[in-house]
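Note that the structure is a prediction, hence the values are computed from the model and not measured.
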Amino acid sequence: MRDLHIAIDLGSTTGRIVVGNLQGLEVVYRFLSKRETILGTHYWDIIGIFSEIKIGLTKAFSLYGNRIASIGIDTWGVDYGLLDDHGLLVSPVFHYRDTRTNGMIEEVATLIDKDTLYGETGIALLSFNTLYQLYAHKKEHPEVFKVAKHFLDVPDILAYFLTGVMKNERTHASTTAMFNPVKKDWNWEVIDVLGFPRCLFGEIIPSGTILGPLDHVLAEEIGAPQDILVVACATHDTASAVSWIKEDAFISSGTWSLMGMNLDLPVLSHEAMINEFTNEVGADGRITFLQNIMGMWISNECIRSWGIEPNWKVLDEEAEVCSGYCGSIDPTNRIFMAPSSPFSPMDTRVKTYLLEHGFPAPKCHGEFLVAIYRGLAKVYANNVLLLEKLTGKKLETIRIVGGGSRNKLLNELTARETGKKIYTGPTEATSLGNMLYQCYACGDISTIEEGIKQISGQRISL
């Protein structure tokens, strides 16, 4: 009986191969989402990431091969690749934190003003958006666009590597700022104004579309049956994580904290734009109205600065012991955007910020984490007020999902700062959302609502 599915869940820090269904799952393989810096430019090692995926798939099929029906991929948003007529990448895959997009917001604004762009796409004007990345790419390397024939987001590239099929899945396409959230199609007006060739942008497909069987050569390599299906789930990880949440506010807590709510219609006001809210399209076609907050990125990069293993159980216990520390940072400050490096370690940036704002210097790892978590909780509280104002809805409950939902101190600070009822979990919300649309595509459930009921029960009250 084929009652299991594989979720390839790639965050911008780590990746996981998860086997299971809506009743339970197992992480069978973890790896780092490999990035490289070459001559000062940040790239994703997309081939290295795919190699890790193959290792994880091999392990999954060795453990559960006869029970696995399908595979789905979700990843972080905004990053992309360009491929030629033969399906070869014509340039490396840039990392969204690369500095080549500095100044691109203002440069693009000379071609299409900010209010018009926001009204057309509903995407917050952030320098790492695909639109600004692609514009910088075209400006610096115009020769690439003479041979490029296909634009694919990162999960679409990886799905192509698995199947040989090139499609653009809707939830991920909606993160690009080249998509119309009302028409649910590419925003051809924006694409034309910026001079991008229309031929790059292919068919947009909804979540739950079967792309086809696994490539037969790859299936043999990883020990998989020849008829394993690859499903375009909600390929944007946030869309997967919140695909089952209907009315309440949510925080998808990971490297980024994505805070918002699911709505029937986009909010395209000037006030939404200046507060950097974004209108993405969810798995069910509704609007996922949210704000990108730096999230656990800052604490992850502090840990990298310290040169220690990320044992979150120990670190969270240290933070709880130090919960009386009064310091607080503003995690939205751009000084925390760039990766930690020997020349600018993240912990030094945090300490400098605290000293400049009149707080005592943190004396241990726990105090650094308290300052980060308290700052996050304060941003969450401010966002609740903004969400209520922008949507006209009174919020009573916040559901915190993802890895950060296990962080007891952060969740308690969030409850205290927001004054809202907090529900936490499921921790594996992204993988469950990924599997939700695989289960539907494969006929395990007759409706999405049937699957949502199973996921909704997996939460606890704080």
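Between Gly56 and Val28, the shortest heavy-atom distance links the atoms O-CG2, 4.2 Å. In plain terms, the two heavy atoms of Ile329 and Pro331 that are nearest each other are O-CD, 3.3 Å. Nearest approach of Ile205 to Ala232, heavy atoms of both residues: CD1-CB, 3.8 Å. Looking at every heavy atom in both residues, Gly15 comes nearest to Leu10 through CA-CD2, 3.7 Å. Closest of all the heavy-atom pairs between Phe179 and Arg170 is CZ-CG, 3.9 Å. Taking both residues in full, the closest heavy atoms of Cys322 and Val370 are given as O-CG2, 3.4 Å, listed atom of the first, atom of the second, then distance.
The shortest side-chain heavy-atom distance between Met178 and Leu134 falls under the 4.5 Å cut-off. The side-chain heavy atoms of Val19 and Leu25, taken from C-beta on, include no pair separated by under 4.5 Å. Looking at Leu387 and Phe277, their side chains come closer than 4.5 Å, going by heavy atoms from C-beta outward. Between Ser340 and Cys302 there is no side-chain heavy-atom pair separated by less than 4.5 Å. Annotation: side chain of Ile73 is in contact with side chain of Leu162 (closest heavy-atom distance under 4.5 Å). Looking at Asn129 and Ile105, their side chains never come closer than 4.5 Å, going by heavy atoms from C-beta outward. Between Ile303 and Ile308, some side-chain heavy-atom pair lies under the 4.5 Å cut-off. Counting only heavy atoms from C-beta outward, the side chains of Ile287 and Pro181 approach each other to under 4.5 Å.
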> Going through the checks in order, is the side chain to side chain contact (heavy atoms under 4.5 Å, CB included) test met by Glu396 and Lys421?
Replying inline: CA-CA 6 Å; Glu396 304 294 338; Lys421 180 70 175 177; over 6 Å; no

>> Under the criterion side chain to side chain contact (heavy atoms under 4.5 Å, CB included), I'd like the reasoning laid out for Met296 against Thr13: C-alpha separation, chi angles, the key distance, then a yes or no.
In response: CA-CA 10 Å; Met296 304 301 285; Thr13 303; over 6 Å; no

> Going through the distances and angles, do Phe31 and Ile53 end up as a side chain to side chain contact (heavy atoms under 4.5 Å, CB included)?
Replying inline: CA-CA 9 Å; Phe31 58 92; Ile53 288 172; 4.1 Å; yes

>> Show, in sequence, the C-alpha distance, side-chain angles and deciding distance for His95 and Tyr43, and conclude whether the side chain to side chain contact (heavy atoms under 4.5 Å, CB included) test is met.
In response: CA-CA 5 Å; His95 192 292; Tyr43 302 101; 5.7 Å; no

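Checking side-chain atoms of Ser174 against main-chain N and O of Thr171 turns up a donor-acceptor pair under 3.5 Å. Remark: side-chain polar atoms of Asp316 are not paired, donor with acceptor, to backbone N or O of Lys408 under 3.5 angstrom. No donor-acceptor distance shorter than 3.5 angstrom exists from the side chain of Asp153 to the backbone of Pro155, with no hydrogens or angles considered. Asp9 contributes no side-chain N or O that, together with a main-chain N or O of Arg16, makes up a donor-acceptor pair within less than 3.5 Å. With hydrogens and angles ignored, the 3.5 Å screen pairs no side-chain donor or acceptor of Ser431 with any backbone N or O of Ala7. In this structure a side-chain-to-backbone donor-acceptor pair under 3.5 Å is present from Tyr325 to Pro360. Remark: the backbone N or O of Ala173 is paired with a side-chain donor or acceptor of Thr176 at under 3.5 angstrom. When atom types are taken as modelled, the side chain of Ser127 and the backbone of Thr101 share no donor-acceptor pair closer than 3.5 angstrom. Although no hydrogens or angles enter the test, the distance criterion places a donor-acceptor pair under 3.5 Å between the side chain of Trp297 and the main chain of Phe336. When atom types are taken as modelled, the side chain of Ser253 and the backbone of Ser405 share no donor-acceptor pair closer than 3.5 angstrom.
If you check the side chains of His137 and Ser91, you find a donor sitting under 3.5 Å from an acceptor. Thr235 and Asp74 share no side-chain donor-acceptor pair at under 3.5 Å. One side chain, Asn434 or Gln438, offers a donor N or O that lies under 3.5 Å from an acceptor on the other. Side-chain contact annotation: Gln133 with Asp79, donor-acceptor N/O pair under 3.5 Å present. The closest side-chain donor-acceptor pair between Ser257 and Tyr380 falls under 3.5 angstrom. Counting only N and O atoms by type, the side chains of Asn333 and Tyr353 include no donor and acceptor under 3.5 Å apart.
Salt-bridge annotation for Glu301 and Arg97: absent, with no side-chain N of the basic residue lying under 4.0 Å from a carboxylate O of the acidic one. Ion pair Glu412/Arg416 not flagged as a salt bridge, since none of the NZ, NE, NH1 or NH2 atoms sits closer than 4.0 Å to an Asp/Glu carboxylate oxygen. The pair Arg100-Asp98 meets the salt-bridge criterion, with a side-chain N (NZ, NE, NH1 or NH2) lying under 4.0 Å from an Asp/Glu carboxylate O. Using a 4.0 Å cut-off between a side-chain N of Lys or Arg and a carboxylate O of Asp or Glu, Asp264 and Arg286 qualify as a salt bridge. With salt bridges taken as basic N to acidic carboxylate O contacts below 4.0 Å, one links Glu52 and Lys34. Asp284 has a carboxylate O that lies under 4.0 Å from a charged side-chain N of Lys246, or vice versa, which qualifies the two as a salt bridge.
In this structure, Ser12 OG and Asp237 CG are separated by 8.0 Å, a value rounded to the nearest 0.5 Å. Once rounded to the nearest 0.5 Å, the distance linking CG of Leu410 with OH of Tyr373 reads 7.0 Å. For the atom pair CD1 (Ile204) and NZ (Lys183), the distance works out to 12.5 Å, reported to the nearest 0.5 Å. Atom CD1 of residue Ile71 and atom CD1 of residue Ile8 lie 5.5 Å apart, to the nearest 0.5 angstrom.
Screening residues 111-131 for ring pair (Phe, Tyr, Trp, His ring centres under 6.0 Å) gives Tyr96-Phe128, Phe128-Trp256 as the qualifying pairs, with residues at least two apart or on separate chains.
More than 12 heavy atoms of other residues, nucleotides or ligands lie within 6.0 Å of CD in Glu26, so this atom counts as buried by the packing criterion. Within 6.0 Å of atom NZ in Lys393, 12 or fewer heavy atoms from other residues, nucleotides or ligands are found, so the atom counts as exposed in its surroundings. Within 6.0 Å of CD in Glu140 there are more than 12 heavy atoms belonging to other residues, nucleotides or ligands.
The aromatic rings of Phe161 and Phe50 stand perpendicular to each other, their planes meeting at an angle above 60°, with 30° marking the opposite boundary. Using bins of under 30°, 30° to 60° and over 60° for the plane-to-plane angle, the ring pair Phe201/Phe196 lands in the tilted bin. Below 30°, between 30° and 60°, or above 60°: for Tyr440 and Tyr437 the angle between ring planes is above 60°, a perpendicular geometry. The aromatic rings of His172 and His236 stand perpendicular to each other, their planes meeting at an angle above 60°, with 30° marking the opposite boundary.
A side-chain contact (heavy atoms from CB on, under 4.5 Å) with Asp113 holds for exactly one of Leu111, Asp115, Leu117; it is Asp115. Among the candidates Glu276, Glu107, Glu106, the single residue satisfying the salt bridge (charged side-chain N to carboxylate O under 4.0 Å, His left out) test with Lys114 is Glu106. Shown are Gln291, Glu388, Lys378; of these, the side chain to side chain donor-acceptor pair (under 3.5 Å) with Asn383 is made only by Gln291.
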